[in-house]
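Working notes, beginning with the structure itself.
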Amino acid sequence: MRLTTKGRYAVTAMLDLALHVGKGPTSLADISDRQGISLSYLEQLFAKLRRHGLVKSVRGPGGGYQLSRGLEAIYVAQVIDAVNETVDATGCGGGGGCQSHGETCLTHHLWCDLSEQIHSFLSGISLADLVARRDVQVVAERQDRRHLERHGQLNRIAVG
């Protein structure tokens, strides 16, 4: 079972956005810098996330993206679904043509059940749940510190 880069990056970017709630809109350039995700890839992901009502864009100076609703109302499975990603443990993409003759394999339904369990698990985890985790907070603090250092803002904040 694997989740592709698209799903992982979408969840990572949404969590970055969630960690910066209350600080105004977040630019995709800032997310790109903190998370090491290409800006053009983020633009594609955020177009889909916006179409699915998970984020809203803010135009103009200081613009960027904001979550369209509270952290507790956005679930990891919704983010993955919004970018047309599937969590699929089958070898056939869930279609059932697992074997060389296009027939369903012996364990097809087992892997389908696992896929459903994973989706259900991710449907129960909100961005608020992730933001509240201490391990997530530690990583986010490190990323923010590096981001500020790269942009020469850390010294200004410490002095000012």
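Position 1 is the first residue of the sequence; numbering continues from there.
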> OG1/T26 to CZ/F46 distance, rounded to the nearest 0.5 angstrom?
Replying inline: 8.5 Å
> Backbone N or O of I37 within a donor-acceptor pair of the S32 side chain at under 3.5 Å?
Replying inline: yes
> Can you tell if the side chain of V79 reaches within under 4.5 Å of the side chain of V76, non-hydrogen atoms only?
Replying inline: no
> Minimum heavy-atom separation for C98 to C92, with atom names?
Replying inline: SG-SG, 3.4 Å
>> Going by ring-ring contact (aromatic ring centres under 6.0 Å, His included), name the pairs with one or both residues in residues 94-113, residues two or more places apart or in two chains.
In response: none
>> So, using side chain to side chain donor-acceptor pair (under 3.5 Å) as the criterion, who are the partners of R146 when residues are at least two apart?
In response: none
> Are V136 and Y75 connected in a single hydrophobic cluster, I mean Ile/Leu/Val/Met/Phe/Trp/Tyr linked by side-chain heavy atoms less than 4.5 Å apart?
Replying inline: no
>> Please report the interatomic distance CZ(R34) to CG(L148), rounded to the nearest 0.5 Å.
In response: 8.5 Å
> Just by distance, do the side chain of H52 and the backbone of K48 share a donor-acceptor pair under 3.5 Å?
Replying inline: yes
>> If the condition is side chain to side chain donor-acceptor pair (under 3.5 Å), which residues does D81 pass it with, not counting sequence neighbours?
In response: H119
> Out of T4, I118, V87, which one pairs with I80 under the side-chain contact (heavy atoms from CB on, under 4.5 Å) rule?
Replying inline: V87
> CG/L122 to CD/Q117 distance, rounded to the nearest 0.5 angstrom?
Replying inline: 11.5 Å
> In terms of side-chain heavy atoms, does T86 have a donor or acceptor partner in D88 at a distance below 3.5 Å?
Replying inline: no
> Is any side-chain heavy atom of R69 closer than 4.5 Å to a side-chain heavy atom of L54?
Replying inline: yes
> Got T90 and C112 here, is their nearest side-chain heavy-atom distance under 4.5 Å?
Replying inline: yes
> Can you name the side chain to side chain donor-acceptor pair (under 3.5 Å) partners of T104, sequence neighbours left out?
Replying inline: none
> Do side-chain atoms of S126 reach the backbone of A128 as a donor and acceptor pair under 3.5 angstrom?
Replying inline: yes
> Side-chain heavy atoms under 4.5 angstrom apart, residues restricted to Ile, Leu, Val, Met, Phe, Trp, Tyr: same cluster for V58 and I74?
Replying inline: no
> Between E103 and G97, is there a donor-acceptor pair closer than 3.5 Å when you use the side chain of the first and the backbone of the second?
Replying inline: no
>> Tell me whether the rings of Y9 and Y41 are parallel (<30°), tilted (30 to 60°) or perpendicular (>60°).
In response: perpendicular
> Can you name the side chain to side chain donor-acceptor pair (under 3.5 Å) partners of D144, sequence neighbours left out?
Replying inline: H20
> When you look at V55 and M14, which way does the side chain to side chain contact (heavy atoms under 4.5 Å, CB included) test go after all the steps?
Replying inline: CA-CA 9 Å; V55 297; M14 287 292 285; 3.5 Å; yes
> Between the main-chain N or O of G53 and the side-chain N or O of S68, is there a donor-acceptor pair closer than 3.5 Å?
Replying inline: yes
>> Within this structure, what is the CD-CG distance for the pair Q35 and L28, rounded to the nearest 0.5 Å?
In response: 12.0 Å
> If Ile, Leu, Val, Met, Phe, Trp and Tyr residues are connected whenever their side-chain heavy atoms lie under 4.5 Å apart, and connections chain through other members, are V139 and L17 in the same group?
Replying inline: no
> Is there a donor-acceptor contact under 3.5 Å from the side chain of R150 to the main chain of D33?
Replying inline: yes
> When rounded to the nearest 0.5 angstrom, what is the spacing between CD1 in I31 and CG in L42?
Replying inline: 6.0 Å
> What residue pairs, at least two apart or across chains, pass salt bridge (Lys or Arg N to Asp or Glu O under 4.0 Å) with a residue in residues 114-138?
Replying inline: R133-D135, R134-E141
>> Rounded at 0.5 Å granularity, tell me how far NZ in K23 sits from CD in Q66.
In response: 13.5 Å
